[in-house]
There are 2 protein chains.
Amino acid sequence: MSTIKDVAKEAGVSVATVSRFLNKSGYVSENSAKNVLDAIKKLDYQPNSVARALFHKTSKMIGLIVPDITNPFFPELARAVEDVSMIYGYKVLLGNSDGDPEKEQNYLDLFDQKYVDGIIMTSRSSKTDLTLNTDTPIVVLDRANISGLPTVTSNNYEGARQAVELLIEKGAMHIAHIRGPREITSANDRYQGFIDEMLKNNMDYVIAESAFNLKSAEEAAHHFFDKHKQIDAIFCSNDTIAVGFLKVALKKGIQIPADLQIIGFDGVAFGEMVYPELTTVAQPIYDMGAMASRLLIKLIEKEEPEQLLYELKNSIIERGTTRK
Amino acid sequence: MSTIKDVAKEAGVSVATVSRFLNKSGYVSENSAKNVLDAIKKLDYQPNSVARALFHKTSKMIGLIVPDITNPFFPELARAVEDVSMIYGYKVLLGNSDGDPEKEQNYLDLFDQKYVDGIIMTSRSSKTDLTLNTDTPIVVLDRANISGLPTVTSNNYEGARQAVELLIEKGAMHIAHIRGPREITSANDRYQGFIDEMLKNNMDYVIAESAFNLKSAEEAAHHFFDKHKQIDAIFCSNDTIAVGFLKVALKKGIQIPADLQIIGFDGVAFGEMVYPELTTVAQPIYDMGAMASRLLIKLIEKEEPEQLLYELKNSIIERGTTRK
DNA sequence: TTGTAGGCGTTATCAG
DNA sequence: CTGATAACGCCTACAA
């Protein structure tokens, strides 16, 4: 790896000239410019971004904290973050927190030491016992605007409401909701949206609960179907739960969507892999990631963003688990 | 953010002493140690890892290049890489290449500028027109040992063979293979394993082809089922293809596994989400990622690794798309 | 238009 | 046991 000194020597100028050339700052004669350029090419010089970072206290990196990249919601988010970050010249440092505040703090500290220019953190829990370095901008994804931090979410409440509307429109008479964990903000919002819309329609409902993973969902489903025979539609707090219920229903020979309609939430890819394909309230996952990045980059570059809270709209995707 | 100087001043010693204390290099008196420690706590000092990186030409970061984190195979890999890297004190920089050599090169350069200590690249294509910085160790994942680089893969050939064995054992008479793209090494190995085992058993076979995505698989499946009525078992080059075929078969009312058995390859999570659950040749994805990290870290730390090529074993997971 | 020099935060060397 | 100091590679006054 050659350094700016090598280039300077090769080009017969000083490092200052090379630096000016590189950064288009200050004057450099046509002749010098040519020499420098030649030298750069000849030596295959690439400026060392660590040295740059040290000087500028800025690294052109953004830190991304997700609970678990293995959870199907997050890869798409991460991809979006990386795509738009890249466009603006930022690299992304990834961290999995497992939703553990300690690990989150850990990454926050790590990121600071690395001079990351900004942080996107997508924590689904609502705990906020973190000490934040106030001069590194942070945007929060997929969680309510609790801490006053810039936030990007989707309207979970409204999405849930619409799910119920759809089910009713499709003729559902006895609707159940399988809610997600109580620590998860979005699960609570969806729950509330469900309740309110059911109440508005004067309908009785059944509530069950499941964690956001398949095993838990299947267990819940077995219990559920043993107990509730009359239910003809289920709104699940996310797609994983929905798929778990779908599987168990299928196994029990329940006709989907004739006897039982199911609608999930999230719009992750595997919704299309099951049969019948899962109807769902799709979050604009990629857009949320992209939006978060753009917002963060504005913050980093001290532009005034229009808003500090973006609540994107969800859209219902009707597929095979609800009636035509 | 306070620096080592602040700490030194606060503790009434020189930066050298602080540094020695921090790195446990050289002597520092009990008394000084105490003062330094107090100062560190008081100022909440954290050593700046950028400055460290500049000095050491080493960043405690490893770069990870995947084709697309959105592809269900890679999150688990990435997670493994991050988990074990973290244990050894390495952070991970993520890049999506889309299998594009240009983007791969791009990240390689980027990573070098950042002084990453090592790189894990998982490219499924077999192209090798990359210029590599020879003093940054690289380990290659999920691709044949083409370029003489340290590599971690699974035995695709053997896995494919076993898939065929299983199908035959389960009574399959007319077996088809849906092969993956020709540029993808592992797809070719699986294809070859299939062919050889079929030949060994003197069985005729049918070959079709599909890209590794659901849309392509479903199209291929429609064509396939229209043409081939007598096929009673299909070995698909990966799980995505398998799920595509499963969906279309279900839609056509084909009984699975009674009339048609299906086996996939990879062992990704959504294999358990479909119903019937997908039988598959499971790669030890997490282990592969973990192994790659450990190998890389050995390389980084100049330990002599036992081997430069790790070929992990696949294992068949019998689920619902093959007979009992 | 160009070069010199000091500094970003850390570490290692070398006297003391 | 401790403290100056040079160096890592780059950038920006400032002087020329």
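Remember, predicted model here, so these are calculated numbers, not experimental data. Numbers restart at 1 for each chain; the letters A, B, ... are given by sequence-line order, proteins then strands.
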> Who are the salt bridge (Lys or Arg N to Asp or Glu O under 4.0 Å) partners of D98(A), not counting sequence neighbours?
K103(A), R79(B)
> Going by the side-chain hydrogen bond (donor to acceptor under 3.5 Å, both in side chains) test, which pairs reach into residues 33-42 of chain B, not counting sequence neighbours?
E10(B)-K42(B), K34(B)-D38(B)
> Of the residues in residues 15-44 of chain B, which ones touch DNA chain C at a heavy-atom distance under 4.0 Å?
A16(B), S19(B), N23(B)
> For the residue pair T185(A) / D189(A), report whether a side-chain donor-acceptor contact shorter than 3.5 Å exists.
no
> Applying ring pair (Phe, Tyr, Trp, His ring centres under 6.0 Å), name anything that partners Y107(B), two or more places apart in sequence or on another chain.
F111(B)
> Of all residues at least two apart in sequence or in a different chain, which pass the side chain to side chain contact (heavy atoms under 4.5 Å, CB included) check with K57(A)?
Y115(A)
> Just how large is the angle between the end axes of the helix from dT1(C)-dA16(D) to dG16(C)-dC1(D), five pairs per end, to 10 degrees?
50°
> When you match Y115(B) and S14(B) each to their closest nucleotide on DNA chain D, which lands nearer the 5' end?
S14(B)
> Quick test of your reading of the model: are K298(B) and E306(B) salt-bridged, counting only N-O distances below 4.0 Å?
yes
> Please name all residues satisfying side-chain hydrogen bond (donor to acceptor under 3.5 Å, both in side chains) with S85(A), sequence neighbours left out, ordered by chain then number.
none
> Sequence neighbours excluded, which residues qualify as side-chain hydrogen bond (donor to acceptor under 3.5 Å, both in side chains) partners of T70(B)?
none
> Reading DNA chain D 5' to 3', which nucleotide is the first, and which the last, to come under 4.0 Å of any heavy atom in chain A?
dG9(D) to dT12(D)
> Test: ring-ring contact (aromatic ring centres under 6.0 Å, His included). Region: residues 15-50 of chain A. Which pairs qualify, not counting sequence neighbours?
none
> Once side chain to side chain contact (heavy atoms under 4.5 Å, CB included) is applied, do any residues pair with E301(B), and if so which ones, sequence neighbours excluded?
K60(B), Y90(B), I297(B), E303(B)
> Heavy-atom distance under 4.5 Å between the side chains of I62(A) and V81(A), does that happen here?
yes
> On DNA chain C, reading 5' to 3', which nucleotide is the first and which the last to sit with an atom under 4.0 Å from a heavy atom of chain A, could you check?
dT1(C) to dG9(C)
> Taking S293(A) for the side chain and G289(A) for the main chain, is one N or O donor matched with an acceptor at less than 3.5 Å?
yes
> Does the side chain of Q283(B) pick up a donor-acceptor pair with the side chain of S154(B) at under 3.5 Å?
yes
> When we call it a touch if two heavy atoms are under 4.0 Å apart, what does V13(A) touch: a base, just sugar-phosphate, or nothing?
sugar-phosphate
